[in-house]
Novice: 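One structure is given below, represented as structure tokens, and several questions about it will come after.
Values below: all heavy atoms of this structure, side chains included; hydrogens, waters and symmetry mates excluded.
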Amino acid sequence: MLALQYLRENTEEAKLRISKRNPKYVETIDQVLALDEENRKAKSEMEKNQSEANAMAKKIGELMKAGNRAEADVLKAETAALKESGKALEERSKQFEQELFDVLVTLPNTPHESVPVGQTAEDNYTVFQHGEIPALQEGAVPHWDLIKQYDLIDFELGSKISGAGFPVYKGKGARLQRAMINFFLDEAVAAGFIEIQPPLLVNADSGFGTGQLPDKEGQMYHATVDDLYLIPTAEVPITNIYRDVILKEEDLPIKNVGYTPCFRREAGAWGAHVRGLNRLHQFDKVEIVQIAHPNQSYALLDEMVIHVKGLLEKLELPYRILHLCGGDMGFTSALTYDFETYSAAQGRWLEVSSTSNFESFQANRLKCRFKNKEGKNQLVHTLNGSALALPRILATLLENNQTPEGIRIPKALVPYCGFEMID
RNA sequence: GGAGAGGUGUCUGAGUGGUCGAAAGAGCAAGCCUGGAAAGUUUGUAUACGCGCAAGUGUAUCGAGGGUUCGAAUCCCUCCCUCUCCGCCA
């Protein structure tokens, strides 16, 4: 959620920036500002009324104390009108406030000035590419055939137990999952991130804090009996640790990492290109989260990019980094880099990490602030990135490393899984 | 799940209808004191929003929401959380 104060004081800048997503939002900003003005006016009237009522009550109190009952009763009668107008004014103010809020939450974050203009994935800009695209052997097959051949994952079993998109990992498939999780966690800890094990179900306040609610309500599994949501990413519980918190400036940056399963309904997303591990309802991911001083957030974003690059290089996977265009970025992000690995047998790039700076967009919802040098509370910046999401890494790894003798495990993972080949 | 107790500012803790944004102490910050520090002493010490060039001022906030009342930290209702005992249990 954009800060009202920012919109009021930097209207032109905000409009310019948000146009990169879609020029239609310029109008929304005007609408917000108009509602804000009416809201403030209504509030001001209400407060004035309240002030009068408070003064009156005080006077009655004094009269009562002095034993002047008769005069107090006269005043009491006078408060009736104030009370009535107060009720009406309050209702009106509440209405404006709700209206303002409803419009404000539909505004996405303002893109960073470096973000490319564009509407679709076609307009994303490749900023970096690394690694050889492997020339596969004759008869190379996509990962969904490999997992059957080597009995690594059973999708039918998952369907039986839960439904489509809930894979059952078996034998070396399961061990490889565990190995990757530990590898990713260890790498992040070595890079200075503190490991967190958060809850996998969160309440609605947390969903709102990171921006899943109300925007993406339908994308989360909702346990309605207890009104809890299954997390779509560790970003949600970990970032919400800092909801309603005032940090010390010297605490920043806070660096956290967490492994969690992620649950996504992916409503409407099924169709082409979702075979095998490409899209799942439940998958594993290691997520890094940072709470940062506004001055340092972009430097920290660069650090995160370097960290993710290091992971992919240790896994010996060819990858590229996309600077997402305004129209393709997530609702809450100001700048996003997507990492994609090249899955050779499918002949496709697969997104394996999304690394973003949200600036103060989430912090404003979270009310996460720090006390700055002037002693004023200031919104922090939040950042996060996948480091990394497992299924598509696994898909790429299986496809790219297949040989007639079996599937070769990258050296970095061998100490973690305890085998060099899947055969 | 059952029974009971409780949730007050950075912390401890007082406050059962009126001048309470809230006693007192601790902590923290600044001044005095000191060669410097400790001790002592004085002062200050929440957040959000509105109005104002500013000094300042208005409103709200004592777990959350609602209600009673001219007036609520204090009374009533609902919910959340914590603790103790019992039950259940990985």
Novice: On RNA chain B, which is the earliest and which the latest nucleotide, 5' to 3', with an atom closer than 4.0 Å to a heavy atom of chain A?
Specialist: G18(B) to G71(B)
Novice: I need the residues from residues 69-88 of chain A with at least one non-hydrogen atom less than 4.0 Å from RNA chain B; give them sorted by number, or say none.
Specialist: K76(A), T79(A), K83(A)
Novice: Taking the P atom of each, how far is A73(B) from G7(B), in whole Å?
Specialist: 16 Å
Novice: Strictly by side-chain hydrogen bond (donor to acceptor under 3.5 Å, both in side chains), give each pair with a member in residues 24-34 of chain A just once, sequence neighbours left out.
Specialist: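 Counting only pairs at least two positions apart or across chains, the side-chain hydrogen bond (donor to acceptor under 3.5 Å, both in side chains) contacts touching residues 24-34 of chain A are K15(A)-D30(A).
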Novice: Under the side-chain hydrogen bond (donor to acceptor under 3.5 Å, both in side chains) rule, collect the residues that match up with T336(A), sequence neighbours excluded.
Specialist: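 Result, side-chain hydrogen bond (donor to acceptor under 3.5 Å, both in side chains) vs T336(A): S333(A), S356(A).
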Novice: Should the ring pair H281(A) and Y221(A) be called parallel, tilted or perpendicular, given that the plane angle runs from 0 to 90° and is split at 30 and 60?
Specialist: perpendicular
Novice: Kindly state which residues belonging to residues 41-49 of chain A come within less than 4.0 angstrom of RNA chain B, counting heavy atoms of the residue only, listed by number.
Specialist: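 When residues 41-49 of chain A is checked for heavy atoms under 4.0 Å from RNA chain B, the hits, listed by number, are K43(A), E47(A).
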Novice: So what is the 5' to 3' dot-bracket string for RNA chain B, if pairs are Watson-Crick or G-U wobble with both distances under 3.5 Å, crossing pairs use [ ] and | means the partner sits on another strand?
Specialist: ((((((((.[[[..)..(.....]]]((((((.......))))))((((((....)))))).[[[[[..)....]]]]])))))))....
Novice: Applying side-chain hydrogen bond (donor to acceptor under 3.5 Å, both in side chains), which residue pairs with at least one partner in residues 71-80 of chain A are found, sequence neighbours left out?
Specialist: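 Listed by first then second residue: N68(A)-E71(A).
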Novice: In whole Å, measure the gap between the C1' atoms of A26(B) and C85(B) for me.
Specialist: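 So the two C1' atoms sit 34 Å from each other.
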Novice: My understanding is that only residues two or more places apart in sequence, or in another chain, count here; which of them pass side-chain hydrogen bond (donor to acceptor under 3.5 Å, both in side chains) with N203(A)?
Specialist: S206(A)
Novice: If the condition is side-chain contact (heavy atoms from CB on, under 4.5 Å), which residues does A191(A) pass it with, not counting sequence neighbours?
Specialist: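 Scan of A191(A) (side-chain contact (heavy atoms from CB on, under 4.5 Å), adjacent residues dropped) gives F193(A), H307(A).
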Novice: Enumerate the residue pairs fulfilling side-chain hydrogen bond (donor to acceptor under 3.5 Å, both in side chains) with a member in residues 97-112 of chain A, sequence neighbours excluded, ordered by first and then second residue.
Specialist: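 Every side-chain hydrogen bond (donor to acceptor under 3.5 Å, both in side chains) pair that includes a residue of residues 97-112 of chain A, provided the two are not neighbours, is Q98(A)-D102(A), H112(A)-S114(A).
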Novice: List in chain and number order the residues that pass side-chain contact (heavy atoms from CB on, under 4.5 Å) with E217(A), two or more places apart in sequence or in another chain; answer none if no residue qualifies.
Specialist: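 E217(A) satisfies side-chain contact (heavy atoms from CB on, under 4.5 Å) with L213(A), H222(A), Y229(A) only.
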Novice: For residues 168-187 of chain A, which residue pairs pass the ring-ring contact (aromatic ring centres under 6.0 Å, His included) check, not counting sequence neighbours?
Specialist: F183(A)-Y416(A)
Novice: Assess the pair H323(A) and Y337(A): is the distance between their ring centroids shorter than 6.0 Å?
Specialist: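 Yes; Y337(A) has its ring centre under 6.0 Å from that of H323(A).
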